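None of the values given here were measured: they were computed from a predicted structure. Convention: sequence-line order gives letters A, B, ...; per-chain numbering from 1.
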Amino acid sequence: MSYLETISIEDTANVAKIEPKGRSRFITLSINGERHEITVKPRKMLIEVIRDTVGLTGTKGSCSSGTCGACTVLLSGRPVLSCITLAVECDGKEIRTVEDLAENGKLSALQEAFLDQGAVQCGFCTPGMLMSATALLERHSKPSLAQIKKGLEGNLCRCTGYNAIVDAVLQVSGQGVTPVMK
Amino acid sequence: MILYDFDYERPNTLQEATALLRQTEGKARLLAGGTDLLPNMRVQVLKPTMLISLGAITPRPPQAELDGSIRIDALTRLADLENSEFVRREIPMLAESAHVVGGNQIRQVATLGGNLCQETRCLYLNQEHDYQFTAPCYKRNGDCCYPFPGNKPGTCWSVYMSDTAPALIALSANVDIIGEAGVRTVPAETLFTGNSLEPLWLARTEIISSVVVPPIPTGFGWGYHKSTIRGGLEFAMANIAVALWLENDRKTCAGARIVVGAVSEGPLRALATEKSLVGQVLNADLLWKAADDASNEINPLPHHGFTRNYLNENIRVYLRRTLITAFERAYGMDA
């Protein structure tokens with residue numbers, strides 16, 4: 001009789017009560033239109049899966065506590081913080097990261113507007129800013145200044161002072177802001 | 001990242017979730033938006049052995065009941081609440097209070113029920129206890145309150161910072177709670193224990209299923225203010241919710257509710273001031289005096305570097321403005 005056979009079902013139930021196993025789960029994610037089938041521990045955050053498992057390092061992680069917005073990705077079209085989202089919670093959902101914006105190596109209009117306005121300095125907040133702005137522009141094609149500020153309020157930037165970023169969103173939505181860097 | 005393993009379940013109904021909570025003897029936590037729970041698990045203020053995800057349950061949209069009250073599913077996301085035409089028209093104070101919570105990304109996933117059930121906060125408590133702040137305080141089963149060492153033994157002065165709770169109390173809302181014995185309905189106001197170690201009268205096996213806002217009285221006006229430093233993406237230093245309703249002459253106060261949140265173990269009501277306003281013909285001087293009285297009546301806990309004196313003054317000034325706004329809305333001047 002092997003060791004395993006001597007353990008009754010009740011015993012294993014008791015063991016499970018004392019020590020959580022954190023059993024891995026099989027999940028399916030659609031990241032930038034690509035289907036990924038992965039096995040993850042429940043404690044893994046979405047950003048860890050995106051950066052470490054899938055290898056898309058455009059999404060930046062900074063505060064790990066949901067206070068800076070650098071890790072913003074679009075989950076079913078909503079901007080969410082991937083550092084405080086469990087990967088298992090996203091099973092079967094569609095995720096878009098900053099790598100999804102450029103097409104065939106050509107930057108999107110929003111990314112070009114960021115360059116035109118000098119809205120990128122150190123660049124660490126930029127992927128999050130871009131995703132928040134994308135979500136905003138998908139909701140409102142011509143957002144007002146107040147809507148832009150509210151839409152980007154969850155993203156901190158220590159370099160630009162924000163004005164250039166707001167201008168970039170105004171420029172790309174065709175609201176009378178001309179490029180300053182070209 | 002979270003540094004320890006936990007189990008994860010994803011029930012399809014709230015009943016299944018309560019059954020799971022019962023099985024795990026209260027060592028599990030419910031996961032809705034996770035914007036409060038997961039950071040707290042990261043710094044290990046909370047260490048549940050299991051997370052019960054409510055992600056598989058779709059909330060019903062806010063709807064009017066037959067008696068005119070409005071039922072809001074506790075799983076309604078704050079962004080959906082602030083953007084809902086129906087909520088903005090019928091209960092604008094709740095939409096406004098949802099609008100000022102955290103940042104945009106937080107509101108996209110955070111839920112109304114989760115906002116009510118959030119953990120209390122303190123500069124010492126919500127820190128990673130690895131290289132500094134290593135000694136556990138009362139809330140972490142320690143033996144001292146390090147920010148306030150003079151506190152009586154076992155007294156925790158962490159602050160309950162929900163933005164929606166004061167608005168719901170001012171609106172006299174009720175909450176439906178699903179537990180082992182079925183559903184019970186309690187006023188939102190009676191949910192708070194006044195003890196930061198266990199801020200809510202909610203058993204570990206109970207779940208807030210919905211919030212019911214009773215019909216708004218005629219001649220109603222509201223005011224809501226959240227005092228912050230930056231004006232976005234932060235917790236309040238104080239938040240103020242005022243509900244006023246007038247007699248048919250549109251001058252005499254028929255009732256008032258003044259609630260101040262984020263300065264104590266739970267939202268506080270200025271009961272004596274509310275009482276003194278009823279039956280009075282309202283004017284600016286009277287409302288200013290009421291704001292002074294209320295700020296004296298409310299005893300804020302010093303928190304996050306703000307002294308008791310400063311908070312009192314802050315509440316005094318903003319309560320004046322909020323009361324005036326509420327009166328103007330009740331009178332119909334804002335229309």
Determine the minimum heavy-atom distance between B:Asn104 and A:Pro79, stating which atoms define it.
ND2-CG, 3.9 Å
For B:Ile2, is it the side chain, the backbone, both or neither that has a heavy atom under 4.5 Å from a heavy atom of chain A?
both
Residue B:Leu51 versus chain A: region with a heavy atom under 4.5 Å
side chain
Kindly check if the number of other-residue, nucleotide or ligand heavy atoms within 6.0 Å of NZ (A:Lys149) is above 12?
no
Honestly, the part of B:Asn83 sitting under 4.5 Å from a heavy atom of chain A is side chain
Which heavy atom of B:Leu38 sits nearest to which heavy atom of A:Ile84, and what is that distance?
CD1-O, 3.2 Å
Could you check which of B:Met50, B:His99, B:Gln108 has the highest count of heavy-atom pairs closer than 4.5 Å to chain A?
B:Gln108
Most contact-rich option vs chain B, by heavy-atom pairs under 4.5 angstrom, among A:Thr67, A:Thr85, A:Leu86, is A:Leu86
Within 6.0 angstrom of A:Glu138 CD, more than 12 heavy atoms from elsewhere
yes
Do the side chains of B:Met1 and A:Ser64 get nearer than 4.5 Å, heavy atoms only?
no
Is it the case that atom CD in B:Gln63 sees more than 12 heavy atoms from other parts of the structure closer than 6.0 Å?
yes
Between B:Leu3, B:Thr24, B:Leu31, which has the largest tally of heavy atom pairs under 4.5 Å with chain A?
B:Leu31
Heavy atoms only, distances under 4.5 angstrom: which of A:Val80, A:Ile47, A:Leu75 has the most pairs with chain B? Name it, please.
A:Val80
Max heavy-atom pair count under 4.5 Å with chain A, selected residue of B:Gly55, B:Ser53, B:Gly231, B:Gly232:
B:Ser53
Proximal component of A:Lys41, with respect to chain B [non-hydrogen, under 4.5 Å]
side chain
For B:Tyr4 and A:Arg43, work out which heavy atoms get closest and say how close.
O-CD, 3.2 Å
Among A:Gly69, A:Pro42, A:Gly151, A:Gly66, which residue has the highest count of heavy-atom pairs closer than 4.5 Å to chain B?
A:Pro42
Is A:Arg25 paired with B:Glu9 through a side-chain N to carboxylate O contact shorter than 4.0 Å?
no
Applying the side-chain hydrogen bond (donor to acceptor under 3.5 Å, both in side chains) criterion to A:Glu153, which one of B:Gln105, B:Arg230, B:Arg107 satisfies it?
B:Arg107
For the student: nearest non-hydrogen atoms of A:Ser65 and B:Pro39, plus distance:
O-CG, 3.7 Å
Closest-packed option against chain A by number of heavy-atom pairs under 4.5 Å, given B:Leu37, B:Leu233, B:Asn40
B:Leu233
At a 4.5 Å cut-off on heavy atoms, which part of A:Cys63 comes close to chain B: side chain, backbone, both, or neither?
backbone
At what distance, to the nearest 0.5 angstrom, does CD1 of B:Ile106 lie from CG of A:Leu81?
5.0 Å
Presence of salt bridge, A:Arg23 and B:Asp7, under 4.0 angstrom:
no
Among A:Asn155, A:Leu156, A:Leu152, which residue forms the greatest number of heavy-atom pairs with chain B at distances under 4.5 Å?
A:Asn155
A:Lys21 vs B:Asp5, test: salt bridge (Lys or Arg N to Asp or Glu O under 4.0 Å). Steps then yes/no.
CA-CA 7 Å; A:Lys21 284 199 177 97; B:Asp5 276 322; over 6 Å; no
Salt-bridge contact B:Arg10-A:Glu89 (side-chain N to carboxylate O under 4.0 Å)
yes
